[in-house]
Amino acid sequence: MEELRVHGLAFVVKNLLTAGAQSVRSAPFVSMVVQTMLDRLVKESPKRMKRLERALRMGAMDVFRLHWKPDGDWKDICSTSGRHSALTLIGVNKAGLLGSLFSANVVTAGDIAICLSILLEDIHFDRLCAIHALLLYADDRLCKQRNLPPLIRLKEELRTVDPLTDLCLWAPVPHSQAIVQDIFDTIEGWMAIQAHKREQCRVFAESHPTQKPPSKVVEPRVRAGRMRNKA
């Protein structure tokens, strides 16, 4: 909080977003820092908290678009370019950061839908990795019924087949096939969790017609290592 007071909003937001894209492990750490900052700020000044939250959300989306738009930075440093380097993974990390910020309630399901739409604009292995990273750090709320259409579209797009070779355009080789399957497994797991939550709410409503259902419900058990979701 001292940094926010001393250096200002723009400086803190830029540093947080830069740190969040540095490695595959940095996104969840930065999101935890963001959550802590927002929790503290809301007690001191709800208006300042909202300003920080909005600045982080808009900044994260701008960083994502700048990298992944069709003529964005990704083309120069992607895994099939002559400039392939350690920076290639930065774009994937930025996608993971967006998913993590969704879990932290900073970006919205609508924002994630925009990110997925941008990534689906060009069939490329790096973009598939970015989709995977984004979902890896998000959570099952993306499969609430109102949020589900973009994920249904995602599954349809990832199943697109080349009519000449009969191979999946997004997953022509075993490694990419494994990533696509993990994406499908994640979505199916989230759908199961959401269905379980809806059923628990229905049972609660029938048993306690005058009370609101609990804000959190117990999630069904899923395969270890697949899901890391919050209620």
Side-chain angles (χ1 to χ4, degrees), residues 1-74 87 89-121 130-131 133-151 154 190 194 212 214-216 228-231:
M1 302 311 301
E2 186 62 27
E3 257 196 353
L4 193 58
R5 281 187 285 267
V6 172
H7 299 289
L9 186 64
F11 176 87
V12 170
V13 167
K14 181 180 179 181
N15 279 8
L16 285 170
L17 295 179
T18 300
Q22 288 305 304
S23 74
V24 71
R25 293 183 179 88
S26 60
F29 174 75
V30 166
S31 290
M32 284 191 294
V33 171
V34 166
Q35 274 190 312
T36 300
M37 292 178 69
L38 293 174
D39 288 345
R40 289 180 181 175
L41 259 182
V42 74
K43 297 172 184 177
E44 297 177 12
S45 171
K47 286 185 178 180
R48 289 182 67 204
M49 185 277 288
K50 283 293 182 185
R51 282 200 296 269
L52 175 59
E53 186 178 64
R54 186 177 187 280
L56 283 165
R57 178 189 172 203
M58 301 305 291
M61 290 296 290
D62 287 345
V63 164
F64 183 90
R65 284 193 186 95
L66 184 63
H67 188 91
W68 288 113
K69 63 182 181 178
D71 60 345
D73 298 340
W74 74 279
L87 291 176
L89 290 176
I90 290 293
V92 176
N93 295 341
K94 288 174 180 176
L97 178 61
L98 263 293
S100 192
L101 288 174
F102 172 77
S103 292
N105 298 311
V106 174
V107 304
T108 67
D111 296 330
I112 297 299
I114 291 170
C115 292
L116 290 174
S117 180
I118 291 171
L119 290 171
L120 288 170
E121 287 178 2
I131 292 168
L134 190 154
L135 297 183
L136 179 67
Y137 288 111
D139 61 52
D140 62 273
R141 291 173 300 141
L142 285 179
C143 280
K144 285 186 175 182
Q145 289 181 318
R146 65 177 180 270
N147 300 331
L148 199 51
L151 292 188
L154 171 65
W190 286 347
Q194 284 295 316
K212 289 184 178 180
S215 59
K216 291 188 178 182
R228 300 163 19 263
N229 304 314
K230 299 189 288 185

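What you see is a predicted model, and the numbers here were worked out from it, not measured in a lab. For reference, positions follow the sequence shown, starting with 1.
A distance of 13.5 Å separates NZ of Lys94 from CE of Met61, quoted to the nearest 0.5 Å. A distance of 10.0 Å separates CD1 of Ile112 from CG of Asn147, quoted to the nearest 0.5 Å. For the atom pair Leu135 CG and Leu98 CG, the distance stands at 11.5 Å (nearest 0.5 Å). With rounding to the nearest 0.5 angstrom, the CD1 atom of Ile114 is 7.0 Å from the OG1 atom of Thr108. The CG atom of Leu134 sits 9.5 Å away from atom CG of Leu154, with the distance rounded to the nearest 0.5 Å. For the atom pair CG of Leu41 and NZ of Lys47, the computed distance is 14.0 Å after rounding to the nearest 0.5 Å.
Residues His67 and Gly91 approach most closely at NE2-CA, 3.2 Å, considering heavy atoms. Between Leu9 and Arg51, the shortest heavy-atom contact is CD2-O, 4.0 Å. Scanning both residues, Trp190 and Cys143, for their nearest heavy atoms gives CB-SG, 3.5 Å. Contact detail for Val92 and Ala130: the closest heavy-atom pair is CG2-N, 4.2 Å.
Within the 4.5 Å cutoff, side-chain heavy atoms of Ile131 are placed close to those of Leu120. You'll find the side chain of Leu17 stays beyond 4.5 Å of the side chain of Phe64, heavy atoms only. Under the 4.5 Å side-chain criterion, counting only non-hydrogen atoms from C-beta, Val42 is not in contact with Glu53. The shortest distance between side-chain heavy atoms of Gln194 and Leu148 does not fall below 4.5 Å. Within the 4.5 Å cutoff, no side-chain heavy atoms of Met37 are placed close to those of Arg40.
Counting only residues at least two apart or on different chains, no salt bridge (charged side-chain N to carboxylate O under 4.0 Å, His left out) pair has a member in residues 26-38. Listed by first and then second residue, the salt bridge (charged side-chain N to carboxylate O under 4.0 Å, His left out) pairs that reach into residues 55-68 are Arg57-Asp111, Asp62-Arg65, sequence neighbours excluded.
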Under 3.5 Å, which donor-acceptor pairs link side chains of residues 18-34 to any protein atom two or more places apart or in another chain?
from, atom 1, to, atom 2, distance (Å)
Thr18, OG1, Lys14, O, 2.8
Gln22, NE2, Thr18, O, 3.0
Ser23, OG, Arg25, N, 3.4
Ser23, OG, Ser26, N, 3.3
Ser26, OG, Ala19, O, 3.1
Ser26, OG, Gly20, O, 3.0
Ser26, OG, Gln22, N, 3.4
Ser26, OG, Ser23, N, 3.0
Ser26, OG, Ser23, O, 2.7
Ser31, OG, Ala27, O, 3.2
Ser31, OG, Ser100, O, 3.4
Ser31, OG, Ser100, OG, 2.6

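Distance alone, capped at 3.5 Å, places no donor-acceptor pair between the Trp68 side chain and the Trp74 backbone.
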